[in-house]
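Here the structure comes first, spelled out in structure tokens, and everything after it is commentary.
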Protein chains: 2
Amino acid sequence: MLFKAGDPFHAIYAIRRGCMKSVVTRKGGAEQVSAFYMVGELLGLDGMGRGRYDSSAVALEDTEVCVLPFSLIAQLAHERPSFQHRLYAVLSREISRNQNVMLLLGTMRAEERLAAFLLSLSSRFARRGHSPFELSLRMTRDDIGSYLGLTLETVSRLFGRFRNAGLLEVDQRIVRIRDYAGLKAVLSPDEALAD
Amino acid sequence: MLFKAGDPFHAIYAIRRGCMKSVVTRKGGAEQVSAFYMVGELLGLDGMGRGRYDSSAVALEDTEVCVLPFSLIAQLAHERPSFQHRLYAVLSREISRNQNVMLLLGTMRAEERLAAFLLSLSSRFARRGHSPFELSLRMTRDDIGSYLGLTLETVSRLFGRFRNAGLLEVDQRIVRIRDYAGLKAVLSPDEALAD
DNA sequence: CGAGATATTGACTAGGCTCAATTGAAGTGG
DNA sequence: CCACTTCAATTGAGCCTAGTCAATATCTCG
């Protein structure tokens, strides 16, 4: 665990190697995975508002991060307007990303959610130079379910259903996309999740 | 409509009078209300990332906004570090707020969602000097349902159920909270939504 | 007053959850 | 190296919550 909800905020982190998840907890105890982070992505942005992180960051495998102290960031932003703009953009894009997840949780059915999730992963893999068709998941079915607002059983069943439909090859946490177009078509008429 | 998803971004807006909603749309056409904004709150923050708004802002009644051109904001932030920090805080808090909504959509049952929504509204009303027990909703049942990931029929039924349970008095869009503690208790053991 | 939008209520259905059993994978220690 | 434990994943059966479809009621406003 890199930081816990409630910890005082003084840095954001960039993933250098590995993979992490971000978890938010309800007062009642229920918790939900709010994001997965891969190499090159930033986490901890939610801490700047109140000076405390309100999610916890947990590594899903051996992971190295780059610590970016907030004081340093603020200074850099002050000195270099272009850096300042980048920072705004990063924060704003995190808002957009979350809005997409809200859309997923609020309007999609289970199959659509998993398809959107896999397609999103696929494009992120591709952006990092990996094959967009061979996904190596680092998280459990439970994590995926939590992120998608489903139970782990439903996620497992959906993998089975997609496999039977010829869309995927599933071998534990290795998922191969065999019919990319077909997977996209699961998203109702014909759409894809940007990020 | 103040701005539409896709419009080029050049300003954020502060509500001076009235009430607005923010709507995101899926490529497939399905749409969802992603936030409601009251007096004093900021909207349009999601546009900074890509230079285009990715949600639409729609007024729910006669509304006046204060236009805050981004160029001006960036300049002020550069000149006054305290302003810069406030801006980060605002952006970050929007992220936190969205995470709470994701928690709501991902983990709560219908009753819990509506209770959380009403309690959140209640505290926002209180912060603006209104009674926390007399909520004047400006949005339709459909808007509420969309925001909470429910159908308008379910929202209507829940209002009825809460009324019968003595928690609320419901008169169209005027909702009076008659049993604040009871409403809080709907949130499983005993919790409340911060914002 | 009438038209259109909004809200309520009912009956039925279905998608995803719960509970439960089983299998499989991975790590531990003798 | 293999039994043993533990954790993760799969699969099944039955149920329940919220969605769908449909009929009315109520409000708002020209």
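Chain A is the first sequence line, chain B the second, and so forth, proteins listed ahead of strands; every chain is numbered from 1. Values below: all heavy atoms of this structure, side chains included; hydrogens, waters and symmetry mates excluded.
Taking only side-chain nitrogens and oxygens, Arg141(A) comes nearer than 4.0 Å to OP1 or OP2 of dT10(D). One finds no side-chain N or O of Arg173(A) lying less than 4.0 angstrom from the OP1 or OP2 phosphate oxygen of dA25(C). Residue Thr154(B) places none of its side-chain N or O atoms closer than 4.0 Å to OP1 or OP2 of dA18(D). Between Thr151(B) and the phosphate of dG19(D), there is a side-chain N or O to OP1/OP2 separation shorter than 4.0 Å.
At a threshold of 4.0 angstrom between heavy atoms, the contacts of Gly149(B) are confined to the sugar-phosphate backbone, with no base atom among them. Residue contacts for Leu150(A): at a heavy-atom cut-off of 4.0 Å it reaches the sugar-phosphate backbone alone, with no base atom in range. When heavy atoms are screened at a 4.0 angstrom cut-off, Arg157(A) is found touching base atoms of the nucleic acid. Across all strands shown, Arg113(B) has no heavy atoms under 4.0 Å from either base or sugar-phosphate atoms. Within 4.0 Å of Thr140(A), counting heavy atoms only, lie sugar-phosphate atoms of the nucleic acid but no base atom.
Following rounding to the nearest Å, Ile174(A) (CD1) and dG24(C) (C1') show an atom-to-atom distance of 16 Å. Taking atom CZ of Arg109(B) as the reference point, atom P of dG16(C) lies 17 Å away to the nearest angstrom.
In the hydrophobic clustering of this structure, Tyr53(A) groups with Leu2(A); members are Ile, Leu, Val, Met, Phe, Trp, Tyr whose side-chain heavy atoms approach within less than 4.5 Å, directly or through other members.
Using a 4.5 Å heavy-atom threshold, the side chains of Tyr147(A) and Asp142(A) count as separate.
Between Glu153(B) and Leu158(B), the one whose closest nucleotide on DNA chain D sits nearer the 5' end is Leu158(B). Along DNA chain C, the nucleotide nearest to Arg161(A) and the one nearest to Asp142(B) differ in position, and the one closer to the 5' end is contacted by Asp142(B).
Donor-acceptor pairing under 3.5 Å is recorded for the side chains of Ser96(B) and Asp54(A).
Relative to the side chain of Leu152(A), the nucleotides dT8(C), dT10(D), dG16(C) differ in distance, and dT10(D) lies closest.
Ring centroid separation for the pair Phe3(A) and Phe9(A) does not come in under the 6.0 Å cut-off.
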